[in-house]
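Residue indices begin at 1 and follow the sequence shown.
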Amino acid sequence: MAISQRLVDPYREIKVPTSYSWQESYQAALLETDWTKVQERVQTAESEIHQRRLVLSQDHGGTQEERAALVNAMSGLRVLGMNVASWLERQNLGGTLVRKPVQHEPHPFRPTFGSSPDKAS
């Protein structure tokens, strides 16, 4: 068998990434390294995604792949937005996420710091 036949499977479907109008703002939000700018980029990307979803809902256009990509992008932006809000809160810059302290019970099989394991008498 020739090397080219071993490396290329003629039955394998090769998907070429598609570019959507909203992807540039989405990628800008994901790749922003300045935390003070991330929130604005997330809002811009969310706005563009919402606009595209509105267009798709009105004319039933687009592909199933784009619809799935829109859902995935919104999920990613939601997580990124929560991370930004948490960072802003830690920086005292007015983050909108308010977290309550979580009380954890000690692990039943692991001694906590400052305590000694029970000794058998």
Side-chain angles (χ1 to χ4, degrees):
M1 182 183 289
I3 193 162
S4 61
Q5 290 174 329
R6 284 186 282 168
L7 294 176
V8 178
D9 182 357
Y11 300 105
R12 183 172 166 233
E13 182 180 346
I14 298 173
K15 292 190 176 191
V16 177
T18 306
S19 179
Y20 303 114
S21 60
W22 50 268
Q23 277 185 320
E24 188 175 324
S25 63
Y26 173 64
Q27 289 173 346
L30 292 180
L31 298 174
E32 180 60 64
T33 59
D34 183 346
W35 280 97
T36 61
K37 295 178 183 177
V38 174
Q39 191 171 31
E40 180 182 334
R41 294 212 188 258
V42 166
Q43 290 171 348
T44 300
E46 285 177 339
S47 176
E48 287 188 26
I49 288 171
H50 284 302
Q51 288 298 322
R52 180 61 180 154
R53 290 176 87 178
L54 180 62
V55 168
L56 290 176
S57 71
Q58 290 174 349
D59 69 6
H60 305 289
T63 63
Q64 185 60 33
E65 289 81 14
E66 182 179 13
R67 291 175 190 277
L70 286 163
V71 170
N72 290 336
M74 284 303 293
S75 295
L77 289 173
R78 197 172 307 116
V79 171
L80 184 56
M82 290 184 339
N83 288 337
V84 170
S86 179
W87 179 85
L88 289 171
E89 184 180 303
R90 287 192 310 270
Q91 301 302 313
N92 243 350
L93 297 174
T96 57
L97 180 66
V98 177
R99 292 179 146 185
K100 294 180 180 177
V102 178
Q103 296 293 331
H104 294 285
E105 294 294 322
H107 192 282
F109 304 112
R110 202 176 302 148
T112 56
F113 291 105
S115 67
S116 59
D118 293 336
K119 294 181 180 179
S121 304

| message | Please find the pair of heavy atoms, one from Ser25 and one from Glu48, that lie closest to each other, and give the distance. | response |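 So the two residues come closest at OG-OE1, 3.1 Å.
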
| What pair of heavy atoms forms the shortest contact from Ala29 to Leu77, and how long is it? |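 Shortest heavy-atom separation between Ala29 and Leu77 comes out as CB-CD2, 3.9 Å.
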
| Tyr26-Trp35 co-clustered via ILVMFWY side chain contacts under 4.5 Å |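 As far as the 4.5 Å side-chain criterion goes, Trp35 and Tyr26 are connected within one cluster.
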
| Does one hydrophobic cluster hold both Tyr20 and Val55, with members joined at side-chain heavy-atom distances below 4.5 Å? |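 Tyr20 and Val55: separate clusters.
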
| said: Any non-hydrogen side-chain atom of Leu70 less than 4.5 Å from a side-chain atom of Leu56? | reply: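 Yes, at least one pair of side-chain atoms sits under 4.5 Å.
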
| query | Less than 4.5 Å apart, any side-chain heavy atom of Val42 and any of Met82? | reply |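 SC-SC contact between Val42 and Met82 ruled out.
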
State the [atom1]-[atom2] distance between [X] and [Y], to the nearest 0.5 angstrom.
{"X": "Arg41", "Y": "Glu32", "atom1": "CZ", "atom2": "CD", "value": "4.5 Å"}
{"X": "Arg67", "Y": "Glu65", "atom1": "CZ", "atom2": "CD", "value": "11.0 Å"}
{"X": "Asn83", "Y": "Arg78", "atom1": "CG", "atom2": "CZ", "value": "13.0 Å"}

| query | Donor-acceptor pair, Ser47 side chain versus Gln43 backbone, under 3.5 Å? | reply |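 Absent.
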
| field | For Glu66, all residues meeting side-chain hydrogen bond (donor to acceptor under 3.5 Å, both in side chains), sequence neighbours excluded | value |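 Testing Glu66 for side-chain hydrogen bond (donor to acceptor under 3.5 Å, both in side chains), a comparison that skips the adjacent residues, returns Trp22, Arg52.
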
| query | Checking side-chain contact (heavy atoms from CB on, under 4.5 Å) against Gln39, which of Thr44, Leu80, Val84 comes through? | reply |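 Only one of Thr44, Leu80, Val84 forms a side-chain contact (heavy atoms from CB on, under 4.5 Å) with Gln39, namely Val84.
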
| request: Could you tell me whether Glu24 atom CD has more than 12 heavy atoms of other residues or ligands within 6.0 Å of it? | output: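 It does not: Glu24 CD has 12 such atoms or fewer within range.
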
| Between Arg90 and Ser86, a side-chain donor and acceptor under 3.5 Å |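 Yes - a donor-acceptor pair under 3.5 Å links their side chains.
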
